[in-house]
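In listed order, ligands and their atoms are each counted from 1.
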Amino acid sequence: MHARIQTMKYVLSTAAVAAAFTLSPQAASAQQTFISIGTGGVTGVYYPVGGAICRLVNQGRADHGIRCSVESTGGSVFNVNAIRGGELEFGVVQSDVQYNAFNGQAGFAEGGAHEDLRALFSLHPEPMTVVARAETNARHIDDLRNARVNVGNPGSGQRALMERLMERKGWSMSDFALASELAPAEQAQALCDNNIDAFVFTVGHPAGSIQEATSSCESVLVEVSGEAVDALIEEFPFYFRAEIPGGMYRGNPEPTATFGVGATFVTSANVPEEQVYVLVSAVFENFDNFRNLHPALANLDPETMVSQGLSAPLHPGAERYYRERGWIE
Ligand code: GLU
């Protein structure tokens, strides 16, 4: 009798699943868990990298039932705030933004420390990249005083970094003839339409937006250096000297000296361990594939990714996987 009831139950639940899949897509989707990754503008590197991670997660969907989707957003600061608010499960954020959010510093002082922020791994380096119209003759960031400069949309990592640098330099927005706040997807066209003289973008290379700006009109990468930069590098572990390789972009045969941060991947302590474990496994079990999905990822090395550039604690789901691989104690 008992066995019969069990069989009946099995038949019923199989029928229910079959009905769900054939009759109602809404009912079918209730069988899955959805996760979203916040990235940046579509002409940056975060967006394709988030897409690459989701593709790897979704390959194993039949086994784990997690469906990953990628969202274009305003960038690092937006992502960290959306994770805090529970609107996004995962996000790509600059290492300086991760540090400041977790510790409640700089732009996060008012909102307080985001103590539930958790790190997964670090990604590619992101030099502060300043592109100017060639005819402006700007070759150094100091040449941009009194120019029309896109300082980055609110919510972006470049805006946060630019404000930090300007504060050190004693500059204010009124030192520019125009301080525009266009999102990355709009900045290259604004430059080539002569609506701005320069834009600032903290981004991995090669980036679509920089390719667009340098191939559509005569434009040059501008050096970012000086006392304020030296002081920032000295003071904070997440800033480092960087160089944008010569010959990567049309009209820019020489390397450009600047400084930068790293891109990192984060989540919240409230995201279940299993979801995080599935995501990090998908990335590191298919690592060659992952590295090949974008040229900015080509030089990544797993053990460096899990040990450097992270200031929030590791999420337990990531910790479990890294321990299994012997990458951490
Ligand atoms: N670093 C930028 C930010 O934090 C985004 C760069 C990208 O989209 O690749 O907003």
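- For the pair Glu163 and Arg168, the salt-bridge criterion is not met [side-chain N within less than 4.0 Å of a carboxylate O].
- Distances below 4.0 Å separate heavy atoms of Gly75 from the following atoms of ligand 1: 10 (O).
- Proximity to Ser156 (heavy-atom distance under 4.0 Å) selects the following atoms of ligand 1: 10 (O).
- The single protein non-hydrogen atom nearest to atom 10 (O) of ligand 1 is Gly157 N, 2.8 Å, given as residue, atom name and distance.
- A cation-pi arrangement is absent between Arg241 and Phe259 under the rule of less than 6.0 angstrom and at most 45 degrees off the ring axis.
- For a threshold of 3.5 Å applied to N or O pairs, the pair formed by Glu126 and ligand 1 contains at least one separation below that value.
- Put simply, the side chain of Ser95 gets close to the backbone of Gly262: a donor and an acceptor are under 3.5 Å apart.
- Of all protein heavy atoms, the one lying nearest to atom 9 (O) of ligand 1 is Val45 N, 2.6 Å.
- Taking 4.0 Å as the cut-off between side-chain N and carboxylate O, Lys169 and Asp175 do not count as a salt-bridged pair.
- Ligand-side atoms of ligand 1 in range of Gly44: 7 (C), 8 (O), 9 (O), range being under 4.0 angstrom from any heavy atom.
- No side-chain heavy atom of Met128 sits less than 4.5 Å from a side-chain heavy atom of Val261.
- Among all non-hydrogen protein atoms, the one lying nearest atom 5 (C) of ligand 1 is Tyr46 CE2, 3.5 Å.
- Residue, atom and distance of the protein heavy atom nearest to atom 4 (O) of ligand 1 are Ser76 OG, 2.5 Å.
- Salt-bridge annotation for Arg325 and Glu285: present, with a side-chain N of the basic residue lying under 4.0 Å from a carboxylate O of the acidic one.
- For ligand 1, the atoms sitting less than 4.0 Å from at least one non-hydrogen atom of Gln94 are 1 (N), 2 (C), 3 (C), 4 (O), numbered in the order shown with element in parentheses.
- When hydrogens are left out, the protein atom nearest atom 6 (C) of ligand 1 is Thr202 O, 3.4 Å; that is the closest non-hydrogen contact.
- In this structure, Tyr239 and Phe236 have perpendicular ring planes: the angle between them is above 60°, well past the 30° mark.
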